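Input: a single structure, listed below in structure tokens.
Here, residue 1 is the first one in the sequence, and each next residue gets the next number. Side chains included, hydrogens not; waters and symmetry mates left out as well; all remaining heavy atoms used. In this text, all values refer to a predicted model and were calculated from it rather than measured experimentally. Whatever order the structure lists ligands and atoms in, that order sets their numbers, starting from 1.
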Amino acid sequence: MIPFAPPRIDQEMIDEVIDTLRSGWITTGPKTRIFEEQLALYCEVESALAVNSATAGLELMLRWFGIGPGDEVIVPAYTYCATANVVIHCGAKPVMVDVKQDFNIDIEGIKRAISARTKVILPVDLGGWPCDYQEIFEIARNSPFTQSNEIQEQLGRILVLTDAAHSLGALYDNRLSGSLADATVFSFHAVKNLTTAEGGAIALNLPAPFDNSAIYNSLRTTSLHGQSNDALAKFRKSSWEYDVCEAGYKMNFTDIQAALGIAGLKVYESETLPRRRAIFERYNKALSEFPWVIKPPFQSSLKKSACHLYLLKIRDIDIETRNQVIQKILDKRVAVNVHYKPLPMLTFYKKMGYKLLDFPVANNHWCTEITLPVFYNLSDDNIDEVVRVLASAIQSV
Ligand SMILES: *Cc1c(COP(=O)(O)O)cnc(C)c1O
């Protein structure tokens, strides 16, 4: 059996978790701070706030920007539901835009979707491939913008908030994911490149005169009930008293999660990313001989993928045949997936009136895509077997 994306749990991670369990501090504490600092250092931003999921991080940022009823947030139609669900949670409207051949949001589509109500562009670095940030920022800077609170006045333009659930370590113009948008949200869910079982983080990169470390402090308070003096601070200051100035959320990260994150981040650039890139390269090479293959984006003069998902497309296949191919691969005990079912196809969004036919590229991806296994311990022999099984499945339909 070749699984799809089991997490890499090495001895260092286990030791770090045990150390945390023995330390007496298992919720948000010293290791969470260390992880945040190391993450901020890694992706070259001033501050990063760890939270209990990417979903929570996205919602926290939307609420920080004052997003609510009457506001519009531009999202791609081809992503995981979390990207749009958080907009719904805030009472705002997700405005969906079709994607391009590289699976990322279409720039011309964003231009058409902009309205006087647009407050945020929320692109997704799908599969680990960075979006077109220069073009996205040009739109954000040059579009009309209605300011409805102090933070929006200070920014004076549309906010660029990236869903970087897939793109930790990706490069755009020699800059790392995290430093490419105003705020960038990572996911450390079990299947992601870096995992803390569940978890996420917000990399803060707002332009002057914003003070990112002050924003960090205020978001940190909001992420834990709005409590002024958290448990660790109370413990350190030997003071029991605290105040609550807002009805905050319960989104905090724990030191057990931080233990996994610290150990995982230590080997991320030296082991995790190089292995994922090598897996992509081996798939690319092995699949090159087949005329029916359309390979996922990997690297260009401007961009380098974080190699999260190997989004293979089969040329000129229809959805029924693609489904047969997948079944034949699964029957050979190789796990594959489809990323993603376009948002307009999901019952909730369909009922809201979104129509798949308005997103022809997303629909084509959905019908022709097969995601191949990529994980740290996937061996070269495993890769060759996946390609063999895939090729024979294609041949037999
Ligand atoms: C995994 C994922 C999320 C959600 O991450 P959580 O940490 O599980 O909340 C959001 N967007 C995309 C594109 C994802 O793949």
Side-chain angles (χ1 to χ4, degrees), residues 4-7 32 35-36 39 48-63 73-90 94 96-97 99 102-105 120-131 160-170 177-178 180-181 183-203 223 249-254 256-258 260-261 264 276 296-297 305-311 337-346 348-349 362 365-366 369 371 374-375:
F4 183 70
T32 298
F35 176 62
E36 288 174 339
L39 182 70
L49 175 75
V51 285
N52 60 10
S53 69
T55 307
L58 288 167
E59 181 170 338
L60 188 58
M61 282 316 295
L62 291 176
R63 293 199 184 268
V73 176
I74 293 179
V75 300
Y78 202 75
T79 178
Y80 183 58
C81 62
T83 317
N85 284 357
V86 293
V87 180
I88 301 284
H89 295 169
C90 294
M96 292 181 194
V97 167
V99 294
D102 70 357
F103 299 93
N104 282 345
I105 193 161
V120 180
I121 301 175
L122 207 175
V124 182
D125 296 334
L126 212 95
W129 185 243
C131 293
V160 180
L161 168 64
T162 290
D163 178 340
H166 302 173
S167 68
L168 182 70
S177 176
L180 305 175
T184 300
V185 179
F186 299 115
S187 172
F188 309 126
H189 174 270
V191 302
K192 304 291 157 64
N193 282 14
L194 176 75
T195 186
T196 61
E198 294 279 359
I202 307 165
S223 74
Y249 300 90
K250 176 67 182 179
M251 296 175 167
N252 58 307
F253 196 72
T254 73
I256 299 178
Q257 291 170 304
L260 288 165
R276 298 189 81 96
S305 177
C307 298
H308 178 56
L309 296 172
Y310 196 92
L311 302 158
N337 268 295
V338 173
H339 292 87
Y340 285 93
K341 201 169 195 173
L343 300 182
M345 284 186 78
L346 305 174
F348 176 79
Y349 290 103
H365 287 333
W366 151 248
E369 200 272 342
T371 317
V374 177
F375 55 92

* **Part of Ala165 within contact of ligand 1 (heavy atoms, under 4.0 Å)** => side chain

* To do: Step through the shown structure and confirm whether more than 12 heavy atoms of other residues, nucleotides or ligands are within 6.0 Å of OH on Tyr80.
  => no

* **Proximity to ligand 1 by part of Tyr78, non-hydrogen separation under 4.0 Å** => neither

* Asked: Against heavy atoms of Lys192, which atoms of ligand 1 measure under 4.0 Å?
  -> 1 (C), 2 (C), 3 (C), 5 (O), 14 (C), 15 (O)

* Can you name the closest pair of heavy atoms from Ser305 and Trp129 and give their distance? -> CB-CE3, 3.8 Å

* For Thr79, atoms of ligand 1 separated by under 4.0 Å from a heavy atom -> 13 (C)

* To do: Please could you name the atoms of ligand 1 that Ser187 approaches to less than 4.0 Å, counting only its heavy atoms?
  => 5 (O), 6 (P), 7 (O)

* **Atoms in ligand 1 with a heavy atom of Tyr340 nearer than 4.0 Å** => 15 (O)

* I would like to know whether Val86 and Leu62 meet side-chain contact (heavy atoms from CB on, under 4.5 Å); could you show each step before the answer? => CA-CA 8 Å; Val86 293; Leu62 291 176; 3.8 Å; yes

* Asked: Nearest protein heavy atom to atom 11 (N) of ligand 1, by residue and atom, and its distance?
  -> Asp163 OD2, 2.7 Å

* To do: Could you check whether the rings of Phe188 and Phe253 sit parallel, tilted or perpendicular, using 30° and 60° as the cut-offs?
  => perpendicular

* Check whether any N or O atom of Glu198, backbone or side chain, sits under 3.5 Å from an N or O atom of ligand 1, and answer yes or no. => no

* Report yes or no: does Gly199 have a heavy atom closer than 4.0 Å to ligand 1? => yes

* **ligand 1 contact on Thr55 by region, counting heavy-atom pairs under 4.0 Å** => both

* Asked: Where's the contact between Ala82 and ligand 1, heavy-atom distance under 4.0 Å: side chain, backbone, both or neither?
  -> side chain

* **Candidate pair Val51 and Leu60, rule side-chain contact (heavy atoms from CB on, under 4.5 Å), full reasoning** => CA-CA 9 Å; Val51 285; Leu60 188 58; 4.2 Å; yes

* Going by atom types alone, do Asp125 and His166 pair a side-chain donor with an acceptor below 3.5 Å? -> no

